[in-house]
Amino acid sequence: MGNVNEELVSSIMEALRVKASIAKEEIADLVEACKKDLEIAGVYITDEKEALSKQAIKLYCKANYGYDKDSDKFRAAYAALRDSMALSGDYRKAGE
């Protein structure tokens, strides 16, 4: 699972209501993709347990895992949160 926190993956699996351990790798990949997407927007996560960071990851995973009818709603919520985090200045890269 690379360098993704297993506790975070388990938490995301609960949020997605996924129990099959075979999905762990796919969810870990989504977490990594989310982090990269956040970095592109200028958001750098230093603590995955921090409330907004964790929520952004959950929303990203809910928008991109499976074929849920609410994917667009989750995608829009993620984009709004990502943009707010980027504008806040609290999630800048260290030294910037």
Side-chain angles (χ1 to χ4, degrees):
M1 280 193 330
N3 59 353
V4 176
N5 180 327
E6 272 199 56
E7 186 178 319
L8 176 63
V9 171
S10 294
S11 174
I12 299 298
M13 287 178 72
E14 285 179 28
L16 295 172
R17 291 161 180 76
V18 173
K19 296 187 192 299
S21 62
I22 195 165
K24 276 187 176 183
E25 181 124 1
E26 183 177 356
I27 292 169
D29 289 345
L30 283 173
V31 170
E32 284 298 311
C34 177
K35 289 180 184 178
K36 289 296 180 188
D37 186 66
L38 289 169
E39 287 178 11
I40 290 168
V43 175
Y44 295 86
I45 293 177
T46 56
D47 180 8
E48 295 170 343
K49 292 180 181 181
E50 186 269 326
L52 288 180
S53 299
K54 190 172 182 179
Q55 185 63 20
I57 293 169
K58 279 184 189 178
L59 289 170
Y60 184 92
C61 290
K62 283 185 173 190
N64 292 289
Y65 184 83
Y67 302 101
D68 192 86
K69 62 180 170 59
D70 292 327
S71 291
D72 289 337
K73 176 179 79 171
F74 291 125
R75 195 168 287 114
Y78 165 75
L81 180 55
R82 176 198 61 207
D83 295 347
S84 293
M85 290 170 76
L87 290 172
S88 78
D90 293 340
Y91 299 92
R92 290 195 177 126
K93 196 173 198 174
E96 285 186 6

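Owing to the predicted nature of the structure, the values given are computational and were not obtained by experimental measurement.
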Item to check | Straight-line distance of E7 CD to K49 NZ, nearest 0.5 Å | outcome: 4.0 Å
Next on the checklist: Please give me the minimum heavy-atom distance between A20 and M13, naming the atom from each residue.
Outcome noted: O-CE, 3.3 Å
Checklist entry - Quick one: CG on L16 to CD on E26, what's the gap to the nearest 0.5 Å? => result 9.5 Å
Checklist entry - Run the side-chain contact (heavy atoms from CB on, under 4.5 Å) check on V31 and C61 step by step: do they pass? => result CA-CA 7 Å; V31 170; C61 290; 4.1 Å; yes
Next on the checklist: Is there a side-chain contact (heavy atoms from CB on, under 4.5 Å) between R82 and Y91? Walk through the geometry before answering.
Outcome noted: CA-CA 10 Å; R82 176 198 61 207; Y91 299 92; over 6 Å; no
Checklist entry - Just wondering, do Y78 and I57 contact through their side chains at under 4.5 Å, heavy atoms? => result no
Item to check | Approximate separation, where rounding is to 0.5 Å, of K54 NZ and L59 CG | outcome: 12.5 Å
Item to check | Main-chain N/O of K73 paired to D70 side chain as donor or acceptor, under 3.5 Å | outcome: no
Checklist outcome for this item: CG (L30) and CG (D37) are apart, to the nearest 0.5 Å, by 11.5 Å
Checklist outcome for this item: Smallest heavy-atom separation, K58 atom then A15 atom, equals CD-CB, 4.1 Å
Next on the checklist: Determine whether V18 and Y65 satisfy the following criterion, side-chain contact (heavy atoms from CB on, under 4.5 Å), listing intermediate values before the conclusion.
Outcome noted: CA-CA 10 Å; V18 173; Y65 184 83; 3.6 Å; yes
Next on the checklist: A side-chain contact here means heavy atoms from C-beta on lying under 4.5 Å apart; do Y60 and L38 qualify?
Outcome noted: no
Checklist entry - How far apart are the closest heavy atoms of R75 and A63, and which atoms are they? => result NH2-O, 2.8 Å
Checklist entry - Quick one: does I45's side chain get under 4.5 Å of E50's, heavy atoms only? => result no
Next on the checklist: Any non-hydrogen side-chain atom of L81 less than 4.5 Å from a side-chain atom of Q55?
Outcome noted: yes
Item to check | Nearest-0.5 Å distance that lies between atom OG in S11 and atom CG in N5 | outcome: 9.5 Å
Checklist entry - CD1 of I27 to SG of C34: how many Å apart, nearest 0.5 Å? => result 13.0 Å
Checklist entry - Taking side chain as C-beta onward, heavy atoms only, is Y44 less than 4.5 Å from E39? => result yes
Checklist entry - Should K35 and E48 count as an ion pair when the cut-off is N to O under 4.0 Å? => result yes
